[in-house]
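One structure, as structure tokens, below. Some questions next.
In what follows, every chain begins at residue 1, and chains take the letters A, B, ... in the order their sequences are listed. Computed from a predicted structure; not experimentally measured.
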Amino acid sequence: MKQIINDLIAQALLELEQASQIPSGLGYNIQVTPSKDPAQGDYASNIALMLAKPSGMPPRDLAQSIVDRLAAADSIERIEIAGPGFINFFVASGTSQSIVNRILEQADSFGRSTLGQGGRIQVEFVSANPTGPLHVGHGRGAAYGATLANLLQCIGYEVQREYYVNDAGRQMHILGTSTWLRYLELCGETIEFPSNGYQGDYVWDIAATLHRENGERFRRPAEQVYADVFEDAPAGDKEKHIDHLIANAHGLLGEDDYGIVFDLALNTLVDVIRNDLHAFGVDFDGWFSERSLSDEGLIETAITRLQDNGHVYEQSGALWFRSTEFGDEKDRVVRRENGQTTYFASDIAYHMNKFDRGFGKVINIWGADHHGYIARVKASLSALGYNADDLEIQLVQFANLFENGEKISMSTRSGEFVTLRQLREDVGQDAARFFYVMRKAEQHMDFDLDLAREQSSDNPVYYLQYANARICSVNRQCAEKGLEISNTGIDLSRLDNAHEQALIKHLSLFPERVEAAALRREPHLVVNYLRELANHFHSWYNAHQFIVDDVELRDARITLASAVGQVLRNGLNLMGVSAPEKM
RNA sequence: GCGCUCGUAGCUCAGUUGGAUAGAGUGUUGGCCUCCGAAGCCAAAGGUCGUGGGUUCGACUCCCGCCGAGCGCGCCA
């Protein structure tokens, strides 16, 4: 419909140009938008306002000239000029109703499109360090990423969902050593647990597994463990303290045994994370190991490529990437003075690898605290000869958690956090998924845990599910009464009251809203759409009876209700939210 | 200090990329079940869109200054 109006206007403008009533070559962009107020028709265009100045005509006069040239169309009943010069289009009743049949024919695939043309696109999200279970702070990225991936798939992209596992680096060694220290405690050694170690209970669990499977094989006397170790905070330095403990763990266990402890901790936590995400309805196609980058020499390859392109220099013993040349605020070290490559070097290799895998577009979903990192990663891609615009970073702001009216801070290190699993058990899967995506990702969000728990029956998600349940209930009652709703020959023109017209119009907007949500990377647009749809439905439901004696009217109304249910389910499905038939 | 993301109703947030009278939910106040599910509907009240300028037919939207919030500025990951 929008396209039809668009074409009509384009044709009219062309004629005006040819008749020299407006100058040619204005380079306009015709906008046709659905109207909010039924008094302003079904669709409106502001074209006359936009062209008023360049064509030197008063907007209303120009609008009249355009309207005079508009070709007649069966689907358009009436055209009006209103306000400062808007052109309002009233769609003929009967034409819009056909959308109802289309929805029922296409069923689950209504809303899908081929816009993406099978282009390969990667969405990398969550990617939390495997140093502990996921907490509620990770939930937003998980829900956002999963929904965005669904949306992109829905409009025709081939999507790969990836989790980057940070299984290298100091944080993981702190975890491995923390596990070993807990294990020593289980063996009966007296350990003063480091203030900078991972203190969560899950570390005990891993230590217990280590003990069960290996007995006292890794036991070493506490004196040796603490030999020559710098004093812990507050009197000493907690960073030096833990680094020395890690070094001693290496020395006392030897590389092979240390590796066993380390890998057990790593693998256990990756499993925990994978299971938690799966239970949250979030599944990945790939789990990419950071360690594999160095194992396969990709980091060296990346650095060499940067060197060959002349973007690397040496200074005070370290190797630097000249990222300032590509807009970064300062140059960055890729290889330290001690010969070790940096985390950033791994990231360069990782992103090089992403594009070498053939993705046309790569989307990274990062927590807002990583924003300072964007410039350097993009710089590295440019330096390697890729188009940095093919990498898109979507930042997700943190959700501030409130409990008992107080903000709670979360720290994986201290073991103080609410896990994603706990949240799901508290408020339910549907409410949790819905809550996370109902707000724009860049918006700072306050998450009131008490409210989520106690008022879960007030959660907006139930508003949508309730609409669907009502529709299912009506269908059940028809079946009980032995009323058959025929599938063919239904006279949809009986759907002529204001509620029905508004509802039908709204149904027709679903595909374009899904498209907009995917292209703008804003899943919350789908939430808003569904809320509006449910609102239209509930209003209609309250104002009119569906199961009436007039068979034609009954058939028409129940058919419309079925279409609404279908769209609700399609939308909820994109967000990983269920649509129960009863609740 | 510099940078990123923000600031809209008492509270939590939308606002279709510059359009018509700034909208929902929640909370407050009224009304609606002898009728398909009241987890619903209808109505009222609630606003200097942080603030001061600028751009134009038109600004919550774009530009600049200021105020305020969160986050980031390592040879950590």
**Prompt:** Where the side chain of A/Glu329 is concerned, which of B/rC75, B/rC41, B/rC73 is the nearest nucleotide?
**Reply:** B/rC73
**Item:** Residue-phosphate contact under 4.0 Å: A/Arg336 side-chain N/O, B/rA77 OP1/OP2
**Value:** yes
**Prompt:** So, is A/Thr342 near the phosphate of B/rG74, with a side-chain N or O under 4.0 Å from OP1 or OP2?
**Reply:**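 Indeed not, no polar side-chain atom of A/Thr342 lies that close.
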**Message:** Return whichever of A/Ala441 or A/Gln545 has its heavy-atom-nearest nucleotide of RNA chain B closer to the 5' end.
**Reply:** A/Ala441
**Request:** Could you say whether A/Glu522 or A/Phe86 is positioned toward the 5' end of RNA chain B, judged by the nucleotide with the nearest heavy atom to each?
**Result:** A/Glu522
**Asked** If you check the A/Tyr466 side chain, which of B/rC71, B/rG19, B/rA39 turns out closest?
**Response**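 Among B/rC71, B/rG19, B/rA39, the one nearest the side chain of A/Tyr466 is B/rA39.
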**Request:** Look at all strands and tell whether A/Ala168 reaches a base, only sugar-phosphate, or nothing, counting heavy atoms closer than 4.0 Å.
**Result:**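 Sugar-phosphate, no base atom in range.
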**Message:** I need the CG-P distance between A/Leu533 and B/rU16, as an integer number of Å.
**Reply:** 20 Å
**Item:** Residue A/Ala82, side-chain heavy atoms: nucleotide from B/rC73, B/rA24, B/rA20 that is nearest
**Value:**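 Between B/rC73, B/rA24, B/rA20, the one nearest the side chain of A/Ala82 would be B/rA20.
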**Request:** Using atom OH of A/Tyr529 as one end and atom C1' of B/rG23 as the other, report the distance to the nearest whole Å.
**Result:**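 Computing the A/Tyr529:OH to B/rG23:C1' distance gives 18 Å.
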**Prompt:** Looking at B/rC75, B/rG37, B/rC73, which one has an atom nearest to any side-chain atom of A/Met583?
**Reply:**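 The answer is B/rG37, which lies nearest to the side chain.
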**Request:** Return no unless some side-chain N or O of A/Asn535 is found under 4.0 Å from OP1 or OP2 of B/rC41.
**Result:** yes
**Message:** Can you tell whether the side chains of A/Glu581 and A/Arg569 come within less than 4.0 Å, N to carboxylate O?
**Reply:**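 Looking at A/Glu581 and A/Arg569, the cut-off is not met.
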**Request:** Before giving the answer on side chain to side chain contact (heavy atoms under 4.5 Å, CB included), spell out for A/Val437 and A/His524 the whole-Å C-alpha distance, their side-chain angles and the decisive distance to 0.1 Å.
**Result:** CA-CA 6 Å; A/Val437 293; A/His524 77 282; 5.9 Å; no
**Message:** What's the gap between B/rG25 and B/rU21 when it is taken at their P atoms, as a whole Å value?
**Reply:**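 23 Å, rounded to whole Å.
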**Asked** If anything within 90° of 0 is syn and all else is anti, what is B/rC33?
**Response** syn
**Item:** Inter-nucleotide C1' distance (B/rA59, B/rG15), Å rounded
**Value:** 13 Å
**Prompt:** Closest to the A/Tyr541 side chain: B/rC41, B/rA38, B/rC4?
**Reply:** B/rA38
**Item:** Whole-Å P distance, B/rC60 and B/rA22
**Value:** 9 Å
**Request:** Could you measure between the two P atoms, the one in B/rG18 and the one in B/rU61, and give it in whole Å?
**Result:**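 Approximately 11 Å lies between the P atom of B/rG18 and that of B/rU61.
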**Request:** Identify whether any heavy atom of A/Asn88 sits under 4.0 Å from a base atom; if not, whether one sits that close to sugar-phosphate; answer base, sugar-phosphate or nothing.
**Result:** base
**Message:** Only pairs with both distances under 3.5 Å count, Watson-Crick or wobble alike; so what is the partner of B/rU61 in this structure?
**Reply:** none
**OP1 or OP2 of B/rG15 under 4.0 Å from side-chain N/O of A/Lys440** = yes
**Asked** Any side-chain N or O of A/Tyr463 under 4.0 Å from OP1/OP2 of B/rG37?
**Response**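 The answer is no; no side-chain N or O of A/Tyr463 sits under 4.0 Å from OP1 or OP2.
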**Message:** Closer than 4.0 angstrom, basic N to acidic O: yes or no for A/Asp347 and A/Arg376?
**Reply:** no
**Atom pair distance, as rounded to whole Å: CZ in A/Phe537 and P in B/rG37** = 10 Å
**Prompt:** For B/rA77, does OP1 or OP2 lie under 4.0 Å from any side-chain N or O of A/His370?
**Reply:**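 Checking A/His370 against B/rA77: no side-chain N or O falls below 4.0 Å of OP1 or OP2.
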**Prompt:** What's the base orientation of B/rU17: syn (chi within 90° of 0) or anti?
**Reply:**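 B/rU17: syn glycosidic orientation.
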**Message:** Over all strands shown, is A/His499 touching base, sugar-phosphate only, or nothing at heavy-atom distances under 4.0 angstrom?
**Reply:** nothing
**Prompt:** Once you round it to whole Å, what is the distance between P of B/rG40 and NZ of A/Lys582?
**Reply:** 20 Å
**Prompt:** When you compare B/rG31 with B/rU12, how far apart are their C1' atoms, in angstrom units rounded to a whole number?
**Reply:** 27 Å
**Item:** Identified pairing partner of B/rC6, criterion: Watson-Crick or G-U wobble below 3.5 Å
**Value:**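 Check on B/rC6: paired to B/rG68, both distances under 3.5 Å.
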**Message:** Taking the P atom in each of B/rC49 and B/rA9, what is the distance between them to the nearest angstrom?
**Reply:** 10 Å
**Prompt:** Which whole-number value in Å describes the distance from A/Tyr373 OH to B/rG3 C1'?
**Reply:**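 Value for this atom pair: 17 Å.
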**Prompt:** Out of B/rG3, B/rA77, B/rC41, which has the shortest distance to the side chain of A/Ser539?
**Reply:**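 Side chain of A/Ser539 sits closest to B/rC41.
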**Request:** Mind checking A/Ser346 for me? I need base, sugar-phosphate or nothing, with any heavy atom below 4.0 Å counting as a touch.
**Result:** nothing
**Atom pair distance, as rounded to whole Å: CD1 in A/Ile242 and P in B/rA77** =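 It is 15 Å, rounded to the nearest whole Å.
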**Item:** B/rC41: pairing nucleotide in any strand, Watson-Crick or G-U under 3.5 angstrom
**Value:** B/rG31
**Message:** Check this for me: A/Asp549, atom CG, are more than 12 non-hydrogen atoms of other residues, nucleotides or ligands nearer than 6.0 Å?
**Reply:**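 Not buried by this count: 12 neighbours or fewer within 6.0 Å.
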**Item:** Nearest-neighbour nucleotide for the A/Arg439 side chain, B/rA14, B/rG19, B/rC71 considered
**Value:**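 Looking only at side-chain atoms, A/Arg439 lies closest to B/rA14.
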**Asked** Is a donor-acceptor pair below 3.5 Å formed from side chain A/His371 to base B/rC71, judging by atom type as modelled?
**Response** yes
**Request:** Tell me whether the OP1 or OP2 atom of B/rU16 has a side-chain N or O from A/Gln31 closer than 4.0 Å.
**Result:**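 No, A/Gln31 has no side-chain N/O under 4.0 Å of OP1/OP2 on B/rU16.
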**Item:** Value in whole Å for how far the C1' atom of B/rU16 lies from CD of A/Glu512
**Value:**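 My rounded result for the distance is 9 Å.
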**Message:** In whole Å, measure the gap between the C1' atoms of B/rC41 and B/rC36 for me.
**Reply:**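 About 15 Å, rounded to a whole number of Å.
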**Prompt:** With a distance cut-off below 6.0 Å to the six-membered ring centre and an angular limit of 45° from the axis, does A/Arg470 pair with A/Phe537 as a cation-pi contact?
**Reply:** no
**Request:** Would you mind checking if A/Arg291 and A/Asp263 are paired as a salt bridge, meaning a charged N to carboxylate O distance below 4.0 Å?
**Result:**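 Looking at A/Arg291 together with A/Asp263, the answer is yes, because their closest N to O distance falls below 4.0 Å.
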**Item:** Nearest-Å distance once atom P is located in both B/rC62 and B/rA20
**Value:** 16 Å
**Request:** Would you classify A/Ala375 as touching base, sugar-phosphate or nothing, given that sugar-phosphate means primed atoms plus P, OP1 and OP2, and contacts are heavy atoms under 4.0 Å?
**Result:** nothing
**Item:** Aromatic ring proximity A/His506/A/Tyr529, centre distance under 6.0 Å
**Value:**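 Yes.
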**Prompt:** Less than 4.0 Å between a side-chain N and a carboxylate O, is that true for A/Arg170 and A/Asp243?
**Reply:** yes
**Listed nucleotide nearest any side-chain atom of A/Pro84, set B/rC71, B/rG19, B/rG25** = B/rG19
**Message:** So, under a plain 3.5 Å distance rule, would you say the side chain of A/Asp167 forms a donor-acceptor pair with the base of B/rA77?
**Reply:**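 No pair found.
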**Request:** Look up atom CG in A/Leu495 and atom CD in A/Glu500, then write down how far apart they are to the nearest 0.5 Å.
**Result:** 4.5 Å
**Message:** Angle between ring planes, A/Tyr350 versus A/Phe288, binned at 30° and 60°: parallel, tilted or perpendicular?
**Reply:**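 Because their plane-to-plane angle lies in the 30° to 60° range, the rings of A/Tyr350 and A/Phe288 count as tilted.
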**Fill in**
Scanning all shown strands, the Watson-Crick or wobble mate of B/rA24 with both distances under 3.5 Å is B/rU12
**Asked** Considering only B/rC4, B/rU5, B/rC75, which nucleotide approaches the side chain of A/Ala318 most closely?
**Response**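 So the side chain of A/Ala318 is nearest to B/rC75.
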**Request:** Nearest whole angstrom, please: distance from the C1' of B/rA14 to the CZ of A/Arg520.
**Result:** 11 Å
**Request:** Check every strand shown and say whether A/Asn166 touches a base, only sugar-phosphate, or nothing at a heavy-atom separation below 4.0 Å.
**Result:** nothing
**side-chain N/O A/Arg470 vs B/rA38 OP1/OP2, d < 4.0 Å** = yes
